[in-house]
Q: 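What follows is a single structure, and I will ask about it in a moment.
Computed from a prediction, not measured in an experiment: that's the story for all the values here.
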Amino acid sequence: MILTAILAALAAASNAFASVLQRHEARNAPGKESFRLALLVDMARRPLWWLGILGIIGGALFQFVALLTGPLALVQPVMMVELPITLLLASLLLQRPITRGSLIGTLSVTVGVIALVVAVSPSGGHSYVAPLRWMLALVATAGGVAVLVMLGRATRGGASAAALGASAAMMFALTAALMKSATGELSGGGAVAFLTTWQLYATIIAGVVAVFLLQNAYQAGSLVAAQPAITVGDALVSLVLGVLLFEEDLRLGGWLALAIVGLALIIGGAVELSRSPLVAGVVTGEESHATSEVGSDGQDEAPS
């Protein structure tokens, strides 16, 4: 379990590293290249952009091995530390100080993740999933996503961003579950079984849908409204899928109180970090007036 948690944390760090570097390089590209092939040509000339690509590959590999060695219900909650790591890396790259509120948010998310994982103590499980279980999970997830997307399109502002963020979270959790199922084929049938399993290609499709929903969530409203739903939703749906699909064991009973405290800390920390101009600039691709829009007391203002 310790090895799995470390691998999941490394996956989160790699994803954060990729987000910060690629956002930094994309921000420096000419605006006229948006939605054009010229943008990719420009990015391909930038060494930092290629480092970001390596970060994406590294994140996928670390998550792949983490899911191969441990339960889904452990890997996805630990990967929530990507948000605070993104903040720390953005601060270093952009040479801006981390504000007091952001430090509190980082500590809150980190402690919350530890509390949640310790409380539920996911263990056991297996990689094989019966076809009926997959059918039920796919139908339930598709239904949940459809309802959330309709809610997101029927509302505006924060409510829309939260609903679409939750739909993206469900798809990210499903993507991880499909990836775990596909990795299980390696131990049973080797590379041939892995490359021919339907879960591998379903992982790619689910991942594309998740990214599409994620961008729509960021576009629909503020990061403060979208990010908590994304962060917490992914973890909670992953816990459920881990139990229902892979029959992983969760510790509940009296430990449920600690799990609730952990979730509360994660939500509070995610809200605080979402207000940081550093995180907003990396995640949404906008520099969000860092010098004037954060904090009336000047505590969260970044120097120009």
Q: Tell me which pairs pass ring-ring contact (aromatic ring centres under 6.0 Å, His included) where either residue lies in residues 72-125, with sequence neighbours left out.
A: none
Q: State, to 0.1 Å, how close Gly59 and Ala11 come at their nearest heavy-atom pair, and which atoms those are.
A: O-CB, 3.5 Å
Q: Rounded to the nearest 0.5 Å, how far apart are CD1 of Ile267 and CG of Leu265?
A: 9.5 Å
Q: Identify the two heavy atoms, one from Ala168 and one from Leu214, that lie closest to each other, and give their separation to 0.1 Å.
A: CB-N, 3.7 Å
Q: Is it possible for you to say whether Ile266 and Val81 belong to one hydrophobic cluster, with membership spreading through side-chain heavy-atom contacts below 4.5 Å?
A: yes
Q: State the CD1-OG distance between Ile85 and Ser14, to the nearest 0.5 angstrom.
A: 9.0 Å
Q: I'd like to check the side-chain contact (heavy atoms from CB on, under 4.5 Å) partners of Leu61; sequence neighbours left out, ordered by chain and number.
A: Ile57
Q: Is Leu83 linked to Leu263 within one hydrophobic cluster, defined over Ile, Leu, Val, Met, Phe, Trp and Tyr using a side-chain heavy-atom separation of less than 4.5 Å?
A: yes
Q: With sequence neighbours excluded, what pairs up with Ser123 under the side-chain contact (heavy atoms from CB on, under 4.5 Å) test?
A: Asp249
Q: For Ala66 and Leu7, which heavy atoms make the closest approach, and how far apart are they?
A: CB-CB, 3.7 Å
Q: Treat each ILVMFWY residue as a node, draw an edge where side-chain heavy atoms are under 4.5 Å apart, and state whether Val78 and Phe246 are in one component.
A: no
Q: Is there a side-chain contact between Met80 and Leu116 (heavy atoms, below 4.5 Å)?
A: yes
Q: Apply side chain to side chain contact (heavy atoms under 4.5 Å, CB included) to residues Leu178 and Ile204 and explain how you reach the verdict.
A: CA-CA 9 Å; Leu178 288 165; Ile204 298 172; over 6 Å; no
Q: Distance from Leu200 atom CG to Trp198 atom CH2, nearest 0.5 Å?
A: 11.0 Å
Q: Roughly how far, to the nearest 0.5 Å, is the CE atom of Met79 from the OG atom of Ser238?
A: 9.5 Å
Q: CZ of Arg96 to CG of Leu92: how many Å apart, nearest 0.5 Å?
A: 13.5 Å
Q: Side chain to side chain contact (heavy atoms under 4.5 Å, CB included), that's the test. Do Trp255 and Leu258 meet it? Break it down for me.
A: CA-CA 5 Å; Trp255 290 93; Leu258 179 60; 3.8 Å; yes
Q: Determine which pairs satisfy side chain to side chain donor-acceptor pair (under 3.5 Å) with at least one residue from residues 66-77, sequence neighbours left out, and list them in order.
A: Thr4-Thr69, Gln63-Gln76, Gln76-Asp234
Q: What is the minimum heavy-atom distance between Leu239 and Ala73, and which atoms define it?
A: CD2-O, 3.3 Å
Q: For residues 162-184, which residue pairs qualify under side chain to side chain donor-acceptor pair (under 3.5 Å), counting only residues two or more places apart or in two chains?
A: Ser181-Gln199
Q: Mind jotting down which residue pairs meet the ring-ring contact (aromatic ring centres under 6.0 Å, His included) criterion with at least one end in residues 86-121? Sequence neighbours excluded, please.
A: none
Q: Hey, mind stepping through Thr231 and Glu82 against side chain to side chain contact (heavy atoms under 4.5 Å, CB included) and telling me if it holds?
A: CA-CA 9 Å; Thr231 302; Glu82 178 181 340; over 6 Å; no
Q: Tell me every residue that passes side-chain contact (heavy atoms from CB on, under 4.5 Å) with Ser121, counting only those two or more places apart in sequence or in another chain.
A: Arg251
Q: Apart from Leu132 itself, which Ile, Leu, Val, Met, Phe, Trp or Tyr residues share its cluster (side-chain heavy atoms under 4.5 Å, direct or through members)?
A: Leu136
Q: Would you confirm whether Tyr128, through its side chain, and Gly184, through its main-chain N or O, come within 3.5 Å as a donor-acceptor pair?
A: no
Q: Begin with the C-alpha distance, continue with both residues' side-chain angles, and end with the deciding distance and a verdict on side chain to side chain contact (heavy atoms under 4.5 Å, CB included) for Ile56 and Asn15.
A: CA-CA 6 Å; Ile56 293 174; Asn15 289 338; 5.7 Å; no
Q: To check you understand the geometry: which heavy-atom pair defines the closest contact between Pro77 and Leu72, and what is its length?
A: CD-O, 3.9 Å
Q: Sort and list the pairs that fulfil side chain to side chain donor-acceptor pair (under 3.5 Å) and have at least one residue in residues 132-145, not counting sequence neighbours.
A: none
Q: Ignoring hydrogens and angles, tell me if any N or O in the side chain of Thr106 forms a donor-acceptor pair with the backbone of Ser102 under 3.5 Å.
A: yes
Q: Under the rule for side-chain contact (heavy atoms from CB on, under 4.5 Å), what residues qualify as partners of Val109, not counting sequence neighbours?
A: Pro84, Val113, Leu273
Q: Once you round to the nearest 0.5 Å, how far does CE of Met179 lie from CG of Leu174?
A: 11.5 Å
Q: May I have all residue pairs that pass ring-ring contact (aromatic ring centres under 6.0 Å, His included) and include part of residues 53-109, sequence neighbours excluded?
A: Phe64-Phe194
Q: Give the other cluster members for Leu151, using side-chain heavy-atom distances under 4.5 Å between Ile, Leu, Val, Met, Phe, Trp and Tyr residues; answer none if it is isolated.
A: none
Q: How close do Ala229 and Ala166 get, counting heavy atoms only, and between which atoms?
A: CB-N, 3.9 Å
Q: Should Leu245 and Leu138 be counted in the same cluster of Ile, Leu, Val, Met, Phe, Trp and Tyr side chains packed under 4.5 Å apart?
A: yes
Q: If hydrophobic clusters are built from ILVMFWY residues whose side chains come within less than 4.5 Å, do Ile98 and Phe17 share one?
A: yes
